[in-house]
Structures are given as C-alpha cells and as structure tokens.
Amino acid sequence: MSQDSASQEVSDRLQAVQVTPRSKTITSSASNMASSSDHAASRVALRNELAGRQCFDDQSVLQRLGTERVTDAFVDACYLDFTRDSTHYDHFETLREIVSQGERGGGKRETQMYESLLHILSYIADYEWNDMKGRGDGPRHASHSSQHNLTPEVHTLGFPRYQPDLSIVDPGTPFVPSGPRGELRYSSHWRYRAAFVEVKPTSAQGPTSRKGETVQEIVQQAADYARLHMAARPFQLFSVCLLIYGLKFCVAIFDRDGVVFSPEGDLATRDGWNSFVRIARCLAVTMTDEELGRDPTAQLLASSDPTTLRLQKEARLLGLAVPDNFLSVSLGDSTGRRWATVAMIWSSLSLIGRGTTVWVVKELHNGKPEGAVRVMKTAWRSSRRTPEASIYKALQDAQKFRSHDCVAQLDVGDDVRSQDRRIISVSTLRASEDRSPDESREDKILHRLLLSPVGRPIWEYESEEILIRGIKAAIEGHKYLYENGILHRDVSAGNVLLAQHPQPGMEGFITDLDYARVGETSRVAEQAKAAGKSVPHGGHITGTYQFMSIRILRLMWLDKIDQNPSEIVNEVRDDLESFVWVFCYALMRHHVSYHPKDAMAEELFRDAYGRLNLDAIHDSRASLKPILTMRSFGNSLSVQLFQWFRQQLRLLMRPPLYDGETGFEFTYETLVAWLDTALAAVTKA
C-alpha cells in the first residue's frame, strides 16, 4: 500500500466513525503550542474557563496594590500640576475627544488612545521622582507593546506572538536597536513586563455586562496575556492588568482560579482622577515585585554576583540553554535550604489549572552553588487532592517498595510558605486585612518538589537512538509503577525525560505522580495504611489533552463524561498510547527547535499539537495526523526513521492494533516491540 493510499484509508476510517459533537474546549497545558492564528479558539477556551470565576467591585484589589501609600498631598499636587500645564493636559483633552467620538460611533480606534495614555502614565510615574532619594534604576514605565510582537522565551516554543496594548516595563529593562535606522526601544521579552494595560475606546467595552456572568472581550484578551505573562516571567504567582475602556478604568488581578476586579473609576470625575493617579503611581513606583506577583520565596540574583557566573557554567556543562537571569528559591520552610535556578525546561501556558513549571536547580551551601543538582517542579494543586509529595513519600515509605532507576525520586517537597509561614494559596493571596480565606471552598495551593535524577526535555536528544531508548526506559518505569498498583494517568512530553547521564537501560525516566491512581489493594497502599499514611486512589479522567488516548478523547467528545463520569476511567492502554504521541511530539519539536526558519514545519507542528478545541484534537489523533505529518520532517529525520514511519502507516492502522473509535490496543510488550523496530531501523549500519 502506498503512503497516499494509507493516508486515504485513515481518512475514510475516521469519517466512518464520526459523529457531531457538542463543542468543548480544553484547559490544559496543551496551550503551550497555541499559535497566534489560534486567537479565537484560545479566547473561547479562556471564556469558558473564566465562567463563574470573575469577582467584581472588590476593594481588596486596591489594598493589594497599596493605593493608601500614595498620599493625598501627592495626588493633589500631581493632578494640579498636570492640569495647569497645557503640554500635559492637552494629551487628556485629545484622549477625551477620541473617546467622545468613539462613544458616538465615530469609528475611533483604541490605537489612537495609546500616545495620550502613555504620556499620562509616564507623567505620573516620573512626577517628583528626583525628590525620591535612595531609589535605584528609576520607576517602571509604560511602553507601547503593539509596535513590536513580544518575544518568546527559550522554554516557550510555540509562544503566541501577540501582545497587550501597553506594558509596564521593569526599571533597568535593556534597550535594543529596532527598525532600519536602529532606533532604541525596550527589549520585547515578556520577562521584563511587570504588568500590562488593555485598552478599549468605549465604556461599553468594559469587563462588566448586563448578563452578569458573561466574560467580556476585554477580559478574554487580558486573560490571554496574563497566562503568557505568568509563563514567561519566572515564579510569577499572579498577573496585574490595568483595564481602560473609554474614560473608565479598573484593575484586574488574574490568578490560577480566575480574576478579581477593583471598583471602577472614571477619568471624567475628580475622584476618578485621584484613583487613577494612585493606581498608576503604585504600578510604576510603590509596588514591590512581590506585590506585582513574584513568588516571595524567589530572589533574583544580581548579574555581577559570582554565583551567576558559576550557574552559567553549570548550564553549559549540562547542555542547557543559558538564561539571562538566575534566582535563589526556597520552600519557605524553617530549614533554610535554598536552590539556585540553572535553567527552565518546562512552563505551562494555561491560566486556570496547575501552572506547572520545571527547573534544573543546584542547591546553595552558604550562598554558593555547591550542592546536588536537582529538578524543581512547582505547580498549583487542588486543596481537595493529596499533595504530590505525599504520593512520592507513600511510595518510598512502603517497606517493600524499592526505587526504580526509571522513576523520579523525591528529595524534598511540600506546600510553599510565605515569610509569615502561611501556606501560599489563591485564597491567601486574595485575602485582605478585613477578609480571611474561605476554608469551605476548594483552593489552589502552591506546591514544590525537588526530584532526582536530573533530566532533559524529551525533544533535546542527541540522536534518534537516544530518544527511542529514553522512551523505552520511561515505559519500563511506568510498567514498574503499574505492577505495584500505581497508574500514572498523565503521560505527556513534560513528564517523560531523558537522563542527563544515561546508563544502558536507564536512558530516560518518568516523573509527575500528581494524578496517579493507587489501587486500594496494592502493596504500596496496604503498607502505607499500615504505617498510618494516606494514599490517593484517583478520580476519573485525567491527563494532558494533547497526549490523551483516542479512546478517552472520543468518550469525552461524545459528552458522556457529563452524563455518567463513573464509566470513563483511565486504563493502562490509555497511558501506553500516550507514549506514541510523546514520541511524535519529541521528533517534531526537535525539528522546529533546530530549524527555526522552517515555517511550514512549525505550522504543521502547531496543527498537530497546538489545537485548543477538543473536536480538533480528537480528529487529529483518530486520523493519526502526528504520524502522517512525519513525511514533512524529512530534513531532520534520518533516512532510516523516515522510511520506518512510511512503513508504519500500513501496519499501525489495521485491527486489532488500531481502531478509529477505540484507538490503539498496545500492551507493554507490543509497544516496546514497536519501538524496537524503530530502534533497529536507526541503528542499522
């Protein structure tokens, strides 16, 4: 059978099993691969995520900004000097005219508001700055983001190339040449953005609506930027956004459980001006990095610090991309242990969810990076789920459970605490002086683990042989867990890692047991119970949607998950199929990482792994699109592996191994045998 006829047969088989699904969207780290052409789908997903998660007119937002620290005397002086100087006040008059025409349907666009808003924000930031002694690099300044697409970070391949209207940039942000004349502008990297501003020309385009729970367009857009902001700016717990719509405004704070809005202000009134001056001054001057969302347990290391030079060397020795900045991080506990970041290897782009980040770190001894190298995972866990660290401890405490070289091991892990030793959670971040956290509702808690061995992303392989052996080793780790009564249930490209110093049979390993299901009668569960420990038994469907099995996707696609979720339970075959999608993902991402100018390949990668709508994800997997797409990656695949994939189109799509409705029927033995044929192909002389 030819490759074209094989492709046609797959398409025919898909059409034979299709039904018309009710549209559903996803809220997972699949958004890591979302393209800028996917704006609409991304924002529909965010709209659905935020439904029921908006809190309006909340005074605690202003308390978190610290607006009371901006004195009445400063506000009055700033306002009066601004209105008395026509060179400044004319900008407000221009803004008011643009808004007035827009309100009358005159077609004025938000871009026409930027210049005036930038001038007003800069005036407030710089006002009386020379009288403020002891301040370092100056205030934060507003920048016109839309002149240039903001730049992705090394760890965020597939980062959507779009930007908020205005950004509030950190003091000390480097300038870079731009345009044919080499004009200097602020660096376009997201990590230098402390906050951002979203602008609409009319008051009717604000965040509130007559329908109450409707998620307005301005909120959808701001949420999209907030998730990117939190992914690109290291250890960012929440994102602050100033929303300006017509002459009205409010502040929105996005976190992993939704968004909270401040009371609305109006620049057409003096009280509104006073509030705007306070907010703008806080964003530019008075707020600390922690008040703007940085994790209080993370401290930025100075570029001149000798530790920074040692960490740069460490990153190069490990073959990792050297970041521009390094941080010192702790669990916030009483032990005093700290770790220095070496490089980030994964960052989720989701808004509502776990917001997982994975770093390679080195423990600090007396401020020097002389300790062991570890993997640091930070994620937001549900207060109703057993902490992941407890799962690892239950495994390691079981008397007869020995460690396995292909399963990550816990060094230390716990919920993260702030300086006052309170556990950091969404509710504690939102709590104000006159409002305590609501302990009756589900909360999101910041959780951090230090794991070994140190791994590398699955797509950063030196050879196809290492990749295949690494996946085989991770499968052995998965099998070992399963034989001990533990089903992983979240096999994805972020949870299958290559060993940094591989030994035969240990070229890769599996990590992340946050969603693992432990059988009640398993040896681990019984021994944990005997020791007075609790273990999680899991719930229903879990996993990263882009790597889920066809069977699970189809059941969700048919909407049975809402009708009778007890019938839809992850099985071992679902996890095994996920390894197939991890394999294809690694090959594609490796190509686009090392061939950044191959626009067609990047688009194919996004098409196969960047979809946000569940219908499209199911169609892609049921039609074996990731495997079919390999024929377009011949520039980076060896001739042997390229030919192997051509052969697999004929072999994989036939029963009993594959069915368009139920997906693959892999067992451990058949999956390893399948990978062995690939291994034999790439190692053939």
Side-chain angles (χ1 to χ4, degrees), residues 329-333 335 337 339 345-346 354 356-361 363 371-417 423 445-455 473-492 494-497 499-500 506 508-520 522-539 542-544 570 575:
V329 189
S330 74
L331 295 179
D333 57 14
T335 65
R337 295 178 70 180
W339 294 263
I345 58 177
W346 179 264
R354 292 189 292 169
T356 304
T357 59
V358 181
W359 293 80
V360 174
V361 298
E363 188 163 9
V373 178
R374 292 286 184 263
V375 170
M376 174 182 284
K377 174 190 171 184
T378 303
W380 294 85
R381 71 172 183 87
S382 167
S383 60
R384 295 176 180 173
R385 288 188 60 83
T386 303
E388 186 178 0
S390 297
I391 302 175
Y392 278 105
K393 290 172 183 176
L395 300 180
Q396 294 171 190
D397 287 346
Q399 296 175 4
K400 296 181 181 179
F401 186 90
R402 65 178 180 82
S403 62
H404 193 284
D405 292 321
C406 298
V407 178
Q409 302 297 310
L410 178 70
D411 176 19
V412 64
D414 206 344
D415 295 332
V416 182
R417 296 177 180 272
I423 291 176
I445 297 173
L446 194 64
H447 196 65
R448 184 165 293 151
L449 309 172
L450 279 300
L451 303 166
S452 62
V454 172
I475 292 170
E476 288 301 313
H478 186 282
K479 181 180 180 181
Y480 186 79
L481 290 172
Y482 185 65
E483 289 175 343
N484 282 274
I486 302 157
L487 183 61
H488 190 281
R489 303 197 306 164
D490 190 18
V491 175
S492 69
N495 297 335
V496 177
L497 300 178
Q500 193 67 46
M506 298 179 288
F509 60 97
I510 193 164
T511 184
D512 195 346
L513 300 182
D514 193 21
Y515 285 154
R517 184 175 69 225
V518 180
E520 293 187 28
S522 68
R523 186 176 66 188
V524 171
E526 290 174 351
Q527 294 180 21
K529 289 177 182 177
K533 305 286 186 178
S534 63
V535 293
H537 301 303
T542 65
T544 302
N570 295 72
D575 277 16

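Computation of the quantities below employed the complete heavy-atom set of this structure, encompassing side-chain atoms and omitting hydrogens, waters and symmetry-equivalent molecules. Residue numbers start at 1 and run along the sequence shown.
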Colleague: For the CD atom of Q500 and the CZ atom of F509, what is their distance to the nearest 0.5 Å?
Modeller: 9.0 Å
Colleague: Flag the pair I423 / I445 as yes when at least one side-chain heavy-atom distance between them is below 4.5 Å, and no otherwise.
Modeller: yes
Colleague: Got a sec, which residues hit salt bridge (charged side-chain N to carboxylate O under 4.0 Å, His left out) with D575, two or more places apart in sequence or on another chain?
Modeller: none
Colleague: With distance as the sole test, does Y392 use its side chain to make a donor-acceptor pair with the main-chain N or O of D512 at under 3.5 Å?
Modeller: yes
Colleague: Determine the minimum heavy-atom distance between V496 and A474, stating which atoms define it.
Modeller: CG1-CB, 3.7 Å
Colleague: Identify the heavy atoms of A408 and P453 that sit nearest to each other, and give their distance.
Modeller: CA-CD, 4.4 Å
Colleague: CZ/R354 to CZ/R385 distance, rounded to the nearest 0.5 angstrom?
Modeller: 8.5 Å
Colleague: Verify side-chain contact (heavy atoms from CB on, under 4.5 Å) between M376 and V360, making sure each step is shown before the conclusion.
Modeller: CA-CA 6 Å; M376 174 182 284; V360 174; over 6 Å; no
Colleague: Measure the spacing between CG of D405 and OH of Y480 and express it to the nearest 0.5 Å.
Modeller: 10.0 Å
Colleague: Within the structure provided, determine whether T378 and T356 are in side-chain contact (heavy-atom separation under 4.5 Å).
Modeller: no
Colleague: How long is the span from the CD1 atom in I510 to the OG atom in S492, to the nearest 0.5 Å?
Modeller: 8.5 Å
Colleague: Kindly compute the distance separating CG (L449) from CG (D414), expressed to the nearest 0.5 Å.
Modeller: 9.5 Å
Colleague: Could you tell me the separation between the CG atom of L487 and the NE2 atom of H478, rounded to the nearest 0.5 Å?
Modeller: 5.5 Å
Colleague: Judged by atom type as modelled, is there a donor-acceptor pair below 3.5 Å linking the side chain of R448 to the main-chain atoms of V412?
Modeller: no
Colleague: In the structure I gave you, are the side-chain heavy atoms of K377 and D514 within less than 4.5 Å of one another anywhere?
Modeller: yes
Colleague: Are the side chain of S452 and the backbone of V454 linked by a donor-acceptor contact shorter than 3.5 Å?
Modeller: no
Colleague: Side chain to side chain contact (heavy atoms under 4.5 Å, CB included) with V361: which of V373, L450, V375?
Modeller: L450
Colleague: With a 3.5 Å distance limit and no angle check, can you tell me whether E388 reaches the backbone of L513 through a side-chain donor-acceptor pair?
Modeller: yes
Colleague: Please report the shortest heavy-atom distance between R517 and N570, naming the atom on each side.
Modeller: NH2-O, 3.1 Å
Colleague: So do the side chains of H447 and W380 get within less than 4.5 Å of each other, counting heavy atoms only?
Modeller: no
Colleague: Would you name the heavy atoms of A389 and L410 that are closest together and state the gap between them?
Modeller: O-CD2, 3.8 Å
Colleague: Within the 4.5 Å heavy-atom criterion, are H404 and L481 side-chain neighbours or not?
Modeller: no
Colleague: How would you list, by chain and number, every residue that makes a salt bridge (charged side-chain N to carboxylate O under 4.0 Å, His left out) with D411, sequence neighbours excluded?
Modeller: R337, R374
